[in-house]
Amino acid sequence: MKLVIKFDGCSISTSKNINKICSYLKQLSSTNEIVVVCSAINQTTDTLMKIAKLVEAKDKKTINLLISKIIKKHKQIARRSINKQIIRNRLMKKLDTDFNDLREFLSGALIIGEITSRSLDYLISFGEKLSINIISHTLLNLNCMSFPLTGKEVGIVTDSNFGKSKLLVDTTELNVSKKINSLLDQKLLPVIGGFVGADQYGHITTFGRRGSDYTATIIASCIHADEIWIMGSTNGLMTADPQITINSCVLKEVSYAEAVEMNIFGIKQIHPRAFEPLLKDKIPMRIRSAFNIANTGTYISSSTKSNIQKPVKCIHTIKHNGLIDIRGSMIGLQGTAAKIFSTLANAGVNVMMISQNPSESSISIVVQKMDLDKAVNSLEINLLGKLVKKIDVTTNVSIIALIGSGMRGTIGIASKVFDIISKNNVNVVMIVQGSSELNLSFIIRDADCNSVVKSLHEEFHLSKQ
Ligand code: ASP
Ligand code: MG
């Protein structure tokens with residue numbers, strides 16, 4: 001099989017894990033063609049982002065402290081991961097070159113006290129530069145021939161939208177397939193840094209946080225991989241948050257569409273665009289644990305065979321939101337909703353859920369708690385007394401979503417759900433179901449969230465996979 005395997009920062013955060021992973025990769029590579037994609041070692045990107053803020057505050061002292069921490073951590077992991085002197089020395093030299101570049105960049109940036117979006121991408125690209133060298137040299141240490149490449153070196157080309165760049169698909173496909181196939185032909189195992197690419201002028205760009213998932217799916221698509229594995233610290237996608245119900249378990253199989261819905265609810269968050277490259281060739285993805293290799297995880301594919309016995313696959317929640325109920329003389333008026341949503345958009349508010357009753361007398365929206373004040377203020381300033389007569393706010397509400405493509409066309413799901421909720425003596429504040437019927441969502445108070453999820457999980461028999 002041609003496999004792309006992506007490791008997150010957690011799974012490569014100690015030398016013990018790195019050695020385990022590399023032994024596993026060596027074993028896999030004897031019968032498969034393997035391409036590895038790595039994130040930065042745990043917390044490195046966060047620290048680099050922090051450093052960027054400190055540059056603007058010209059806080060040289062704290063920056064030096066944080067840089068020393070990054071250097072110490074990487075060197076310690078490198079030293080402990082590799083026991084062959086020659087390989088270890090070669091790695092240390094490579095790491096030192098990167099550390100020098102990083103220091104040089106920062107001393108320049110500190111003089112000006114400014115980080116542009118372009119220089120921020122350059123700065124935060126260092127995490128993956130460091131991690132690929134450590135992984136690749138550990139593989140060499142185990143006599144597994146390997147070759148490290150940054151996103152730029154493997155040929156990922158993007159537009160110049162720094163911080164959330166868009167892929168230039170055709171150029172990237174040509175570059176990446178040529179580069180990787182030539183390495184695989186030489187029996188080398190490519191270890192590629194995720195998250196990072198370069199624009200047409202060669203400037204470093206990034207795909208936004210968690211972008212390594214996206215890099216991995218891009219690579220899988222470019223080389224027409226048979227499967228892609230996203231390895232992290234969870235065993236796969238879960239039927240519910242294990243912190244809410246101990247009976248939750250790993251889903252064996254879901255469709256891309258279901259995985260995209262689940263992703264929004266974030267138990268195992270994948271980069272939002274990561275599924276896109278897989279759709280053309282229908283490349284299946286597995287979400288697996290890097291620590292529990294015996295577990296095959298959740299298999300995500302294009303298969304839409306909906307499970308009639310299990311119309312609901314999982315129940316996910318987003319707690320701590322605000323509900324805004326907007327009432328007014330909106331009946332029959334065109335453009336009211338547009339005005340409300342453009343007001344919110346101008347205030348930088350992300351709307352998570354919307355519902356309007358057919359009488360058009362009110363529109364309800366759900367926003368994150370941190371956006372609530374901003375949202376209400378902007379509506380009051382711009383629309384209250386004109387279009388809008390009254391604004392009611394409910395704080396501390398949870399979104400509960402039941403997800404499963406088998407709900408489509410299955411009669412009685414909603415009635416069962418709301419029957420269970422009423423038996424719990426819980427009030428439902430708002431209900432939304434998209435016409436895709438993939439997701440049935442409703443709003444209740446935060447205080448009722450856990451008990452409702454537990455009951456629904458039980459009643460839909462989700463612990464029996
Ligand atoms: N290192 C980057 C981040 O922490 C990209 C990734 O891990 O996927 O966001
Ligand atoms: Mg990460």
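Order of listing sets the numbers, starting from 1, for every ligand and every atom in it.
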- Examine the side chains of Thr158 and Thr205 and answer whether a donor and an acceptor come within less than 3.5 Å of each other. yes
- What atoms in ligand 1 come closer than 4.0 Å to a heavy atom of Arg209? 3 (C), 4 (O), 9 (O)
- Among all residues two or more places apart in sequence or in another chain, which pass the salt bridge (Lys or Arg N to Asp or Glu O under 4.0 Å) test with Lys374? Asp371
- Message: Just to be sure I read this right, does ligand 1 sit under 4.0 Å from the backbone of His271, its side chain, both, or neither, counting only heavy atoms?
- Response: neither
- Query: Can you pull the salt bridge (Lys or Arg N to Asp or Glu O under 4.0 Å) pairs that have at least one residue in residues 92-102, sequence neighbours excluded?
  - Reply: Lys75-Asp96
- Would you say the side-chain atoms of Ser160 and His203 include a donor-acceptor pair closer than 3.5 Å? no
- Item | Residue Glu128 vicinity, atoms of ligand 1 by number, heavy atom under 4.0 Å | 1 (N), 2 (C), 5 (C)
- Look at ligand 1 and say whether Gly211 reaches it with a heavy atom at a distance under 4.0 Å. yes
- Closest to atom 6 (C) of ligand 1 by heavy-atom distance, out of Ser125, Ser212, Ala216, Ala274, is Ser212
- Message: Quiz question: by atom type and distance under 3.5 Å, do the side chains of Ser248 and Thr245 form a donor-acceptor pair?
- Response: no
- Between Ile12 and Ser131, which heavy-atom pair has the shortest distance, and what is it? CD1-CB, 4.0 Å
- For Arg445, look at atom CZ and say whether over 12 heavy atoms of other residues, nucleotides or ligands are found less than 6.0 Å away. no
- Note on the structure: Near Ser39 (heavy-atom distance under 4.0 Å), the atoms of ligand 1 are 6 (C), 7 (O), 8 (O)
- Enumerated ligand 1 atoms positioned under 4.0 Å from heavy atoms of Phe195: 2 (C), 5 (C)
- Item | Geometric N/O contact Thr45 with ligand 1, under 3.5 angstrom | yes
- Any nitrogen or oxygen of Asp213, main chain or side chain, under 3.5 Å from a nitrogen or oxygen of ligand 1? no
